[in-house]
Amino acid sequence: MSADADTHAGSSDTSSTDTPAHRYTAALAQDIELRWQDHWDEAGTFETPNPAGPLGDPDAAAARGEKLFVQDMFPYPSGSGLHVGHPLGYIGTDVYSRFKRMTGHNVLYTMGFDSFGLPAEQYAVQTGTHPAVTTDANIATYRRQLRRLGLSHDPRRSIATTDPAYYRWTQWIFSQIFNAWFDQEAPNDTGTLGRARPIAELVEQFESGERATPGGTPWADLPACDREQILAGYRLAYVSDAPVNWCPGLGTVVANEEVTAEGRSDRGNFPVFKRNMRQWMMRITAYCDRLIDDLDRLDWTDAIKTMQRNWIGRSHGARVHFASAAGDITVFTTRPDTLFGASFMVLAPEHPFVAELTTAEQSDAVAAYRSAAEAKKDVDRQDETREKTGVFTGSFATNPINGEQIPIWIADYVLMGYGTGAIMAVPCGDERDFEFATKFGLPIPAIQQPPDNWFAARGIEPSLDTSTWPTAFVGDAPYVNSANDTLDLNGVDNKAGGIAATNTWLESQGAGEATINYKLRDWLFSRQRYWGEPFPIVWDEAGNPHTVPDDMLPVELPETDQFSPRTFDPDDAASNPESPLDRLDDWITVELDLGDGPKSYRRDSNVMPQWAGSCWYQLRYIDPTNENRFVDPENEAYWMGPRTDIRDDHPGGIDLYVGGVEHAVLHLLYARFWQKVLFDLGHVSAVEPYARLFNQGYIMADAFTDSRGVYVEATQVEERDGSWFLGDEPVNREYGKMGKSLKNAVSPDEMYDAYGADTLRLHEMAMGPLDASRPWETRDVVGMYRFLQRLWRNLVDEDTGECTVVDTPADDDTRKLLHRTIDTVRTEMDALRFNTAIAKLIELNNAVTKLAGTPREVAEPMVIMLSPLVPHLAEELWVKLGRSDESDGSSGTITYVEFPVADPALLVDDTVELPIQINGKVRSHVDVATDASKGDIEAAALANDKVVEALAGGSAKKVIVVPGRMVNVVV
RNA sequence: GGGCGAGUGGCGGAAUUGGCAGACGCGCUGGCUUCAGGUGCCAGUGAGGGAAACCUCGUGGGGGUUCAAGUCCCCCCUCGCCCACCA
């Protein structure tokens, strides 16, 4: 304790104008941080013991406590490095992991890299640098920047999806999926029907005759290619002709999800065209029901669950068959009860029946319309502001419910990719159909009696003459004109009843059946690129696929400098995709013995999409060095197994998964699908990968555009008189997610130089709730810097660097404040509410600042509580407090020191100050005993001067007393 | 158009089950330290009125329920995200 300080406040050294030698400055912070980061690495501080295997130490794992698996969505290592927006979630998971280590948990926390992907490939195409070189350099940059933040990852467990030792197992999982089928009849873990089984079990069923082959021919009599064709109809990974989005500018095919609203590629912004191509598909649609139903078992926000449900898009309805000259036209409808009102049909222009249905006199019009539709992008066809267009085919279909002949039209607002590519039009009850019928003069039979107020609201007389209606009637109302000889809906006024009755009738007549439709399509799983996982598939001369034997994995990407896909003029719609691997003759042809002697095969030249590696990385974190299996079962069960102590139907999975909401549907759905397949095949114990999901917000920042609308470097923009300028040129201010594209990124390196990593960490956690997006203001960072300086000054003499903590006990008020702080901080950290935890710690420190000396009794728990947030500074202070060398299990680090526990006796005061309200407004306060009775509180309130004055001698109408909260006197 | 979410000081944000609106931080104002600037420290800071004690208003707008509403209900406005002719 320095002699010149009466209080900590205002005790700065007056003998020098220079900064004191031991002030907590950015330079000192940097010194402390780099030193501790080296120490942690050397000591293996954050290495997490497994229960078994190469990283196994069962005793150590047990000693750490209950398991906890925390994971970030891993980054794509881009060439531009990190900005301060990237690590928001990482800091959050690090603080949480560190907190949990101190409260008796064995925490698995590490980081990997999603390193396959288009940017490295495009960069390679531009510069000639191999993607592997770029990727390794970028990963090295990311590792350095993340390490500088002090994240407590287990460095032994880091993975990169581009590492052959990793993608060997991505390929193995693909083989598992390829060699599996979905048995609709087999019970799954929830007792409903439908689960994956090895394809060999299907073959057995065919061989034994338990299951008939589709054509009825005995399995043994079928040639190999026919067998394979049959199996392809069952496999969970299969090749199929699929309409794909061909992007000549990228020289590759992109997924629907990667096409922007403008019909251009997500990356590169090139035009995208429709093409039919043989592609690998994943039968994710087999899992639609389980993917929806199991959402109920997950601790995810309702917003994300709703988005997944909407994406899968399960709707109950019926398939209805309409007889036509070309055969039965099948439609899907959610409203079979409106079938009596179906007065025409509309097919997608691409529908296979169109050619046969088109009559001679309509053929020119239909041909013209079809070619016009073909040239249109899906996005244009879906523009709802566009006027309806369509052409009559000249043919009619039979409405099965009343035998009427209804005209068949084609129109581009019906899409081949959804449902059956054909709809029945019920113009009186559907706005789009009403519009179409009105425009083309088609009949609009009324089948419901709208209520009088519906007509009144539209200023027309009630009538069933639909020509007087301005719009369709969409709602519940009694049916009219809805009866045939065997079905009568007239007078029924509820939709559910109408649907049920109609479905029963349809099934009895063989005219249709109740069914469930999904919006989700099978997952297009191949890309014509170089920088991705090769498929572990070879093709024989007859054109049958075979998996490469597991012991020959990985199928490594061939070394080549021909990694460019062949690109074309971005607008060249006639060009065709060509995979880079196709050109490598030495690699593409291979001689193998697959059990029937050496034969020549052709390798599959596709690569997997970037999603593949991220579908299962959590499993590899568990057992990253295992060369015999993708993950050891004992370790998997330990880290991922169901937690029935949390809920009875807990699906297993990691305990906390943190990432951005942009992955709400794609990544999260694909990863859930793979997990379920692996579960069904008996490879893992968890049926879901991520038991709890938390979506962190984004860091936003101002961005600026010049007169051409091009983003300019935000750091160079100046504000003058409320306007913004780049040099002398005025620019427009916008606002958006921090990043390279908006040119508004702030590098963490700048923050390290100005304040240090601990200040940056603390600031990002203090800015607001972790799940909210918030704007970045560099000038705000100084607040947390000052806080850490005050904290340091409260414990350390700025001139000598000596610890100034006193061993005298804390006074009662300080002790109570300490324990209330402990109580709150524990609760808030557990709930990931770091911003409020930090506020409480600042209050405690501010109170300590006013004391004549900081009692050790307060200093030690305060440092421990801060250590998850500012780990380097806390380690340093722990040493200064003389605690780090003790042989009490802390072993030279604060990391595993027990988090303070509040003394419940200190959380309650003897007296409490209650607000006194008069007519609901606070007018005074009164001190009462904490355990005072309602009567005592009321008496105390009524004796209060303000209340006496307000009552003016009269009596209160009513007195409401909420013990411990407030008193309200109604006058 | 549909779905989900959000509107609180100059700014970021606090506020158990309805119970003292604005914790904590930034910024700003004044002061101390300093030759000065910066750093650091102390005090003040929702708006309006008042010398003060205090008073009035105040959580996007308008209604409502209640002793009591940022919080619950109804209508409207604005913004963000996702999906969009989904049959």
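Just so we're on the same page: letters track the sequence lines, and every chain starts at 1.
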Checklist entry - Hey, which of these two, A/His763 or A/Val962, hits RNA chain B nearer its 5' end, going by closest nucleotide? => result A/Val962

Item to check | Presence of A/Arg309 side-chain N/O under 4.0 Å of B/G3 phosphate oxygens OP1/OP2 | outcome: no

Checklist entry - Can you tell me how far P in B/G61 sits from the matching atom in B/C67, rounded to whole Å? => result 25 Å

Checklist entry - Do the side chain of A/Asp780 and the base of B/C26 come within less than 3.5 angstrom through a donor-acceptor pair of N or O atoms? => result no

Checklist entry - Of the nucleotides B/G12, B/A68, B/C24, which has the atom closest to the A/Asn846 side chain? => result B/C24

Next on the checklist: Need one value for A/Asn310: base, sugar-phosphate or nothing, where a base atom within 4.0 Å counts as base even if backbone is also close, heavy atoms only.
Outcome noted: sugar-phosphate

Next on the checklist: I want to verify a distance call: between B/A43, B/G13, B/C85, whose nearest atom is closest to the A/Asp412 side chain?
Outcome noted: B/C85

Checklist entry - Hey, does A/Glu913 reach any base, or is it just sugar-phosphate, or nothing, if we go heavy atoms under 4.0 Å? => result base

Next on the checklist: What's A/Asn835 touching, base or sugar-phosphate or nothing? Going by heavy atoms closer than 4.0 Å.
Outcome noted: sugar-phosphate

Next on the checklist: Using the rule given for side-chain hydrogen bond (donor to acceptor under 3.5 Å, both in side chains), can you reason through A/Asn944 versus A/Ser924, listing the C-alpha separation, both sets of side-chain angles and the distance that settles it, and then say yes or no?
Outcome noted: CA-CA 8 Å; A/Asn944 181 274; A/Ser924 187; 3.1 Å; yes

Next on the checklist: If you compare every side-chain N and O of A/Arg432 against the phosphate oxygens of B/G1 (OP1, OP2), does one of them come in below 4.0 Å?
Outcome noted: no

Checklist entry - Given the side-chain rings of A/Trp409 and A/Phe344, with only the six-membered ring counted for Trp, is the space between their centroids under 6.0 Å? => result no

Checklist entry - Rounding to the closest angstrom, what is the interatomic distance between B/G9 and B/G22 at atom C1'? => result 7 Å

Checklist entry - Start at the 5' end of RNA chain B and walk down; is the nucleotide closest to A/Val782 or to A/Pro775 reached first? => result A/Pro775

Checklist entry - Base, sugar-phosphate, or nothing for A/Arg965, non-hydrogen atoms under 4.0 angstrom? => result base

Checklist entry - Which base, if any, makes a Watson-Crick or G-U wobble pair with B/C4, both distances under 3.5 Å? => result B/G80

Next on the checklist: When the C1' atoms of B/C4 and B/A87 are compared, how many Å lie between them, rounded to an integer?
Outcome noted: 23 Å

Checklist outcome for this item: Against the side chain of A/Ile423, the closest entry in B/C55, B/A43, B/A87 is B/A87

Next on the checklist: Does either side chain, that of A/Tyr413 or that of A/Thr389, offer a donor lying less than 3.5 Å from an acceptor on the other one?
Outcome noted: no

Item to check | Watson-Crick or G-U counterpart of B/A14, or none if no pair lies under 3.5 Å | outcome: none

Item to check | Closest nucleotide among B/C82, B/G25, B/G27 to the A/Arg779 side chain | outcome: B/G27

Item to check | Nearest listed nucleotide, side chain of A/Thr334, among B/U17, B/C24, B/A87 | outcome: B/A87

Next on the checklist: Tell me which nucleotide, if any, is Watson-Crick or G-U wobble paired with B/A47 when both distances must be under 3.5 Å.
Outcome noted: B/U56

Next on the checklist: On a heavy-atom basis, which atom in A/Gln696 and which in A/Gly659 lie closest, and how many Å separate them?
Outcome noted: OE1-C, 2.9 Å

Item to check | Side-chain H-bond candidate by donor/acceptor type, A/Asp927 with A/Thr911, under 3.5 Å | outcome: no

Next on the checklist: Regarding A/Ser773, tell me which of base, sugar-phosphate or nothing describes its non-hydrogen contacts under 4.0 Å with the strands shown.
Outcome noted: sugar-phosphate

Item to check | Separation between the C1' atoms of B/C86 and B/U71, rounded to whole Å | outcome: 37 Å

Checklist entry - Counting N and O atoms only, with roles assigned by atom type, does the side chain of A/Trp311 sit under 3.5 Å from a partner on the main chain of A/Leu669, one being a donor and the other an acceptor? => result no

Checklist entry - With a 3.5 Å cut-off and no angle check, do the side chains of A/Asp797 and A/Thr804 form a donor-acceptor pair? => result no

Checklist entry - Of the nucleotides B/C54, B/C67, B/A43, which one has an atom closest to the side chain of A/Lys946? => result B/C54

Item to check | Torsion-based syn/anti label for B/G9, 90° from 0 as limit | outcome: syn

Item to check | Nearest listed nucleotide, side chain of A/Lys519, among B/G40, B/G3, B/C83 | outcome: B/C83

Next on the checklist: Over all strands shown, is A/Lys921 touching base, sugar-phosphate only, or nothing at heavy-atom distances under 4.0 angstrom?
Outcome noted: sugar-phosphate

Item to check | Inter-nucleotide P distance (B/U65, B/G70), Å rounded | outcome: 16 Å

Checklist outcome for this item: A/Arg923 has its side chain closest, among B/A87, B/A14, B/U56, to B/U56

Item to check | Whole-angstrom distance between B/U8 and B/G58, as gauged at atom C1' | outcome: 10 Å

Checklist entry - A/Asn919 has an atom CG; how far is it from atom P of B/U66, in whole Å? => result 15 Å

Checklist entry - Under 4.0 angstrom, heavy atoms only, what part of the nucleic acid is A/Ile960 near: base, sugar-phosphate, or nothing? => result base

Next on the checklist: Once you apply a heavy-atom cut-off of 4.0 Å, does A/Arg319 come out as touching a base, just sugar-phosphate, or nothing?
Outcome noted: nothing

Checklist outcome for this item: Out of B/A87, B/C67, B/C20, minimum distance to the side chain of A/Thr333 belongs to B/A87

Checklist entry - Should B/G30 form a Watson-Crick or G-U wobble pair with both distances under 3.5 Å, which nucleotide is its partner? => result B/C42

Checklist entry - Closest to the A/Trp311 side chain: B/C41, B/A68, B/C83? => result B/C83

Checklist outcome for this item: Answer for the Watson-Crick or wobble partner of B/G70, both distances under 3.5 Å, is none

Checklist entry - Hey, does A/Met307 reach any base, or is it just sugar-phosphate, or nothing, if we go heavy atoms under 4.0 Å? => result sugar-phosphate

Next on the checklist: Applying a 4.0 Å non-hydrogen cut-off, can you work out what A/Gln917 is touching in the nucleic acid: base, sugar-phosphate, or nothing?
Outcome noted: base

Item to check | Minimal non-hydrogen separation, A/Gly92 against A/Leu770, with atom names | outcome: CA-CD2, 4.2 Å

Next on the checklist: By the 4.0 Å heavy-atom rule, please label A/Asp302 as base, sugar-phosphate, or nothing.
Outcome noted: nothing

